[in-house]
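The structure appears right after this line, and notes come after that.
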Amino acid sequence: MSWNVNSIRARHGRVIDWLRRHEPDIALLQETKCSDAVFAAGGFVDDCAALGYAVAHHGRDHWNGVAILSRVGLVDVCRGFPGPNRPPFDEARLIGATCAGLRVWSLYAPNGRTLADSHYLFKLVWFERLRATVAAAADVHVLAGDFNVAPTDLDIYDPVRWRRLTHASPPERAAVAALGDIGLRDVTREHLPDAGVFTWWSYRPGQVERNNGLRIDLALCSPPAADRVQRVWIDGDERRAVLASDHAPLVLDLAD
DNA sequence: ATGGTCGTGTAACGA
C-alpha cells in the first residue's frame, strides 16, 4: 500500500484505522509533514508496533517526510538518495528499505509549483537522480508514492485545463517514461486501464463528487515484482471519508 | 475566467 497522508498528525487515527482494517504487509507513506523527532514523539510508532509493524521514517522539518511500515521485515533502510544529499536534495522525499526480499522505495516527488518556477527545474533534476539511482541498483524494486506527474492525458479529468500547469508537461512525463525505459512497469495501468482512474482529488468543493481527479500516485515495479501483482485497487472510500487526505491509498496485492 | 479547501512554525505559504 502507498498513501500520501498529508500530515501524519492530522491523519494519525485514520491511518491506524486503515491498517487495522486492511492489514497490508507493507505501507509506504508520504507527506508525514514532520521531523523524525516529532514523528517519534507522536505515538504513531507505538500504535503501529501494537499492530505488528516496524517503522522507518525520514523527516527533517514540517514539510515532506516519508515512511515505510512493514510487518514482514524492515532492513537496510536508506534515507534520501545513496551518497551525499546536499541542498536541495536534503528535503525528505525518499526512503528505501528491504522488506521480505523486496527493495521498496517510498517517494514524494517535488510538486513543481508552476512551469516557470525554479522548483519545477529541481523536480526534473530530482527525477533524473531517481532514475540513475534505480538504474545503478540490482534489487527487485517497488517504487511507489506521490510522483506529482500524471503520465498521460488519461490520468487527468480535464487534460486541456492542465496543459498550462505542472504535473502534465512533456518534460515531466519524459522523466516518468525514463523510469519505464529502465524496466519499471506502471502496474496500476496494467490492471486498471480505463479512464477516470485517479488517486488525488482537490479538497475544493465538488471535486470528489465529479471525479475531478488526477492519477499522480504511482507504483512502478521491476519485472519480477510486477509479475507478482495480482490486483491493484485505489481506496476511494478513504478519500470520501470525513477528515480524509486529498490522496487515496493505492494498494497492490502481490502473490507469494 | 475565477475561486473554491486543506495542511503547516497562526501568517503567509505550499499543495
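Bear in mind that the values here come from a model prediction, so they are computed numbers and not experimental data. First the proteins, then the strands, lettered A, B, ... as listed; each starts at 1.
Comparing B:dA1 with B:dC13, their C1' atoms are spaced 24 Å from each other, to the whole Å. A distance of about 13 Å separates the C1' atoms of B:dA11 and B:dG7, rounded to the whole Å. Comparing the P positions of B:dT10 and B:dG4 gives an interatomic distance of 23 Å, to the nearest angstrom. Comparing B:dT8 with B:dG3, their P atoms are spaced 25 Å from each other, to the whole Å. Taking the P atom of each, B:dC6 and B:dT2 are spaced 23 Å apart, rounded to whole Å.
The aromatic rings of A:F89 and A:F122 sit perpendicular to each other, their planes meeting at more than 60°, with 30° as the lower class boundary. Between A:W3 and A:W18, the ring-plane angle classifies as tilted under the 30° and 60° cut-offs. Aromatic ring pairs are classed by plane angle as parallel below 30°, tilted from 30° to 60° and perpendicular above 60°; the pair A:H141 and A:W105 is tilted.
In this entry the distance linking CG of A:N64 with P of B:dG14 reads 12 Å, nearest Å. Distance NZ (A:K123) to C1' (B:dA15): 11 Å, rounded to an integer number of Å. Distance A:E91 CD to B:dG14 C1': 11 Å, rounded to the nearest Å. Atom C1' of nucleotide B:dC13 and atom CD of A:E31 are separated by 14 Å, given to the nearest angstrom. To the nearest angstrom, P of B:dA1 lies 12 Å from CG of A:L165. Distance A:H167 NE2 to B:dG14 C1': 12 Å, rounded to the nearest Å. The distance from atom CG of A:D158 to atom C1' of B:dA1 is 14 Å, rounded to the nearest whole Å. Rounded to an integer number of Å, the gap from A:Q30 CD to B:dG14 C1' is 17 Å.
Both A:N148 and A:R164 lie close to DNA chain B; mapped to their nearest nucleotides by heavy-atom distance, the more 5′-ward contact belongs to A:R164.
Residue A:N111 is classed as a sugar-phosphate contact, given heavy-atom separations below 4.0 Å to backbone atoms only.
Going from atom CG of A:D158 over to atom CG of A:L214 covers 10.0 Å, rounded to the nearest 0.5 Å. One finds the CG atom of A:N148 at 8.0 Å from the CG atom of A:N4 (value rounded to the nearest 0.5 Å).
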Review point. Would A:C221 and A:R228 count as a side-chain contact (heavy atoms from CB on, under 4.5 Å) if you check the C-alpha gap in whole Å, the side-chain angles of each, and the deciding distance to 0.1 Å?
Key: CA-CA 10 Å; A:C221 300; A:R228 289 175 56 192; over 6 Å; no

Revision key, fill the gap. With B for base contact, S for sugar-phosphate-only contact and - for none (protein heavy atoms under 4.0 Å), nucleotides 3-12 of chain B reads BBBSBBB---

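A:D237 and A:R240 are joined by a salt bridge, as a carboxylate oxygen and a charged side-chain nitrogen come within less than 4.0 angstrom of each other.
Shown here, B:dG9 is classed syn by the O4'-C1'-N9-C4 or O4'-C1'-N1-C2 angle, which is within 90° of 0.
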